[in-house]
Structure formats: C-alpha cells, structure tokens
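Some notes on the structure that comes next.
As the structure lists them, so they are numbered: ligands from 1, and atoms in each ligand from 1.
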Amino acid sequence: MTLHALLFDVDGTLADTERDGHRPAFNQAFADAGLDWYWDAALYGKLLTVTGGKERIKHYIDHYRPDYSKPGNFDERVSELHQAKTRHYSALAARGGIPLRTGVKRLLDEARAAGLRLAIATTTTPENVTVLLEHSLGPGTQDWFEVIAAGDIVPAKKPAPDIYHYALEKMDLDPADCLAFEDSENGLRASLGAGLKTLVTVNDYTLDHDFTGAAVVLSDLGEPDAPNRLLAGPDLGRPFIDVAYLKALHQV
Ligand code: XBP
Ligand code: MG
C-alpha cells in the first residue's frame with residue numbers, strides 16, 4: 001500500500017484552538033449579548049462532548065440552564081450568537097493568539113516536500129480554518145490543502161464520518177491510501193467510521209478520551225529537539241513524527 005494523503009482535523013490537532021480560541025470567543029459573545037452565561041475551562045471540557053458551536057450552545061441551555069426561557073426565535077438567536085463568536089475567534093487568531101501545536105508546521109513542510117496530498121476535515125466553521133492557517137501557518141497556506149472540508153457542509157458532524165467521506169470523495173481517494181490525524185474520541189470515531197487509519201495526538205481536553213481503534217496515540221507530533229511520548233500503539237522507535245514514520249505506520 002502506498003501512502004498518498006494526510007487528512008487533518010483542526011481543533012485540538014493543528015492547534016489548541018478550544019482552550020485558546022473557541023472558549024474565550026464564546027464567552028465574549030455571551031458577554032456582548034448581555035447574557036450571564038460563562039464557560040469556564042472545566043465546564044467547556046464537558047461541553048466538548050458535543051461537536052459544533054451552535055449545537056454546543058443548545059446543549060448548554062438544555063442541560064445547564066433550565067432557568068433560561070427560550071425565545072420563539074431561539075435557533076436564530078443561537079446562530080447570531082455563534083456568528084458573533086466566530087468574529088471574536090477570528091480576531092483572536094488574527095492577533096496570532098492561537099499557535100500551532102508542536103511539530104505541525106515541520107510535518108506539513110516535510111509532507112509537501114515528499115509529495116503527499118493534504119486535506120482538512122473539521123467540524124469548525126470554514127472562516128475559522130482560513131484565519132488560523134493564514135495567521136498561524138502563513139499567508140496563502142490554505143492552498144497547501146487540496147480540500148478543506150469544514151462546518152455545516154455535511155449533514156452530520158463528528159462522530160459521524162460524513163466530513164471524512166466528503167474529503168475522500170473530493171480527492172477521489174480510498175481510505176487505505178491515507179492517514180488521518182485527530183485529537184478526540186468523537187474525531188477518532190468519525191475517521192474510523194470512514195475507514196481511515198488514524199494517528200491521535202491528545203491535548204489537555206482529550207487526555208482521558210477512549211481512543212480504542214487508533215493506530216497510535218501520542219502526546220504530540222514532537223520535534224527533533226523535543227521528543228514526543230508514545231501513549232498507546234506500536235513503538236516504531238522514532239522520537240518525533242516525520243514522513244518516514246507515517247509511511248511505516250501506514251504499513252503496520
Ligand atoms: C471541533 C468542534 C468545533 C469547535 C468550534 O472541531 O467541535 O465545533 O469546537 O467550532 P474539530 P464552531 O472537528 O476540528 O475537532 O463553533 O465553528 O463549530
Ligand atoms: Mg479536534
């Protein structure tokens with residue numbers, strides 16, 4: 001089997017966007033709207049079981065705010081709040097407030113140099129991907145990715161496999177030709193549901209998630225001077241993830 005492509009999740013995988021971006025942006029949108037809603041880090045960790053920002057707001061109301069009486073135009077209200085949140089997220093990212101995770105920039109450079117095809121498969125809103133790539137990876141780097149599959153473009157969000165099916169279809173690739181990169185249980189279930197062998201890099205919010213079925217679980221992608229930690233899966237004897245490692249993992 002030849003490895004042809006790498007499909008990347010965004011939130012929690014390319015960057016720690018949940019902690020540094022989405023949560024403060026949600027809270028700013030709530031404050032701007034005069035709402036006494038506040039998501040601290042612990043609560044946000046619980047709310048992350050629901051993918052999708054709009055869906056997460058609704059879950060919060062249904063499960064944590066019985067005191068809130070939903071207005072007749074509740075869905076519209078949630079969309080407005082979510083749009084405001086996306087604006088705050090973009091401003092945060094544009095200020096360079098959301099750095100890439102360890103090893104991401106190096107691996108993307110190496111993968112491109114090796115001729116591997118790249119794609120993104122994420123639940124987040126497309127604008128969030130654009131601003132993150134522009135300001136954390138560099139201007140024009142969206143073009144590095146043949147497909148950026150994001151947000152409401154598919155009927156069902158992760159853990160449904162739809163967004164991965166969409167990306168594979170657009171690239172006309174078989175899942176066996178690819179590797180996926182994820183950070184969460186919902187994300188892994190989505191990529192496995194699309195038949196993709198998946199490498200997981202955990203973060204503070206997903207350390208305790210169930211990663212059954214992952215090809216390997218790592219602390220991060222690592223760097224030559226900052227080795228990563230193997231948390232589960234085969235020890236291929238490399239202290240950081242490079243193209244040679246990915247090709248070896250693909251064969252396992
Ligand atoms: C994670 C998500 C997203 C973000 C918020 O996406 O569940 O909903 O938390 O982004 P990923 P939006 O698949 O990249 O891990 O508010 O734009 O939905
Ligand atoms: Mg993620």
Check K158 against ligand 1 and report side chain, backbone, both or neither, counting heavy atoms closer than 4.0 Å.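 Near ligand 1, K158 shows its side chain, while the N, CA, C and O stay back.
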
For ligand 1, the portion of N128 having any non-hydrogen atom under 4.0 Å away: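 The part of N128 near ligand 1 is the side chain, not the backbone.
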
Return yes if a side-chain donor-acceptor contact under 3.5 Å exists between S219 and N228, otherwise no.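 Result is no, nothing qualifies.
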
Under a 3.5 Å threshold, yes or no: a donor from one side chain and an acceptor from the other, between Y44 and R19?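 Note: Y44 and R19 side chains miss the donor-acceptor criterion.
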
When you group the ILVMFWY residues by side-chain heavy-atom contacts below 4.5 Å and let the links chain together, are V217 and I241 in the same group?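 In one cluster with I241: V217, no.
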
What's the shortest distance from [atom] to any protein heavy atom, and which residue and atom give it?
atom	value
atom 3 (C) of ligand 1	D11 OD2, 3.7 Å
atom 10 (O) of ligand 1	T124 OG1, 2.8 Å
atom 11 (P) of ligand 1	D9 OD1, 2.9 Å

Candidate list E127, E134, H135, test side-chain contact (heavy atoms from CB on, under 4.5 Å), partner V131, passing option: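 Single pass found, and it is H135.
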
Go through the steps to decide whether D75 and K70 satisfy the test salt bridge (Lys or Arg N to Asp or Glu O under 4.0 Å), and finish with yes or no. CA-CA 9 Å; D75 286 356; K70 294 179 184 176; over 6 Å; no

Counting from 1, what ligand 1 atoms have a heavy atom of [X] closer than 4.0 Å?
X	value
T122	6 (O), 11 (P), 13 (O), 14 (O)
T51	7 (O)
E18	1 (C), 2 (C), 4 (C), 9 (O)
K85	5 (C), 10 (O), 12 (P), 16 (O), 17 (O)

Over 60° means perpendicular and under 30° means parallel, so tell me whether Y64 and Y60 are parallel, tilted or perpendicular.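 Parallel: the ring planes of Y64 and Y60 meet at under 30°.
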
T124 backbone acceptor or donor facing T122 side chain under 3.5 Å: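 Judged by distance alone, yes, a pair lies under 3.5 Å.
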
Only heavy atoms count here, so choose which of K157, R23, R56 is nearest to atom 7 (O) of ligand 1.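 It is R56 that holds the nearest heavy atom.
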
Check whether any N or O atom of [X], backbone or side chain, sits under 3.5 Å from an N or O atom of ligand 1, and answer yes or no.
X	value
T125	yes
G53	yes
E182	no
L48	no
H82	yes

May I ask you to decide whether K58 forms a salt bridge with E55, counting only side-chain N to carboxylate O separations under 4.0 Å?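 No.
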
Would you indicate whether the side-chain heavy atoms of R101 and D16 approach each other to under 4.5 Å?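 Contact flag for D16/R101 side chains = yes.
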
Listing by chain and number, which protein N, O or S atoms are under 2.8 Å from the Mg ion (ligand 2)?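 N, O, S partners closer than 2.8 Å: D9 OD2, D11 O, D183 OD1.
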
Going by the side chain to side chain donor-acceptor pair (under 3.5 Å) test, name the single residue among T51, D9, T123 that passes it with K158.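 Answer after filtering T51, D9, T123: D9.
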
Judged by non-hydrogen atoms, does G52 sit under 4.0 Å from ligand 1?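 For ligand 1, residue contact (heavy atoms, under 4.0 Å) with G52 is present.
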
Pairs in or reaching into residues 112-122: which pass salt bridge (charged side-chain N to carboxylate O under 4.0 Å, His left out), with residues at least two apart or in two chains?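 Only R117-E146 qualify under salt bridge (charged side-chain N to carboxylate O under 4.0 Å, His left out).
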
Work out which heavy atom in G12 is nearest to a heavy atom in T17; give both atom names and the distance.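 So the minimum-distance heavy-atom pair works out to N-OG1, 3.6 Å.
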
Steps toward side chain to side chain donor-acceptor pair (under 3.5 Å) verdict (S184, N186): CA-CA 5 Å; S184 69; N186 279 329; 5.6 Å; no

Would D40 and R23 count as a salt bridge (Lys or Arg N to Asp or Glu O under 4.0 Å) if you check the C-alpha gap in whole Å, the side-chain angles of each, and the deciding distance to 0.1 Å? CA-CA 8 Å; D40 65 20; R23 187 177 72 86; over 6 Å; no

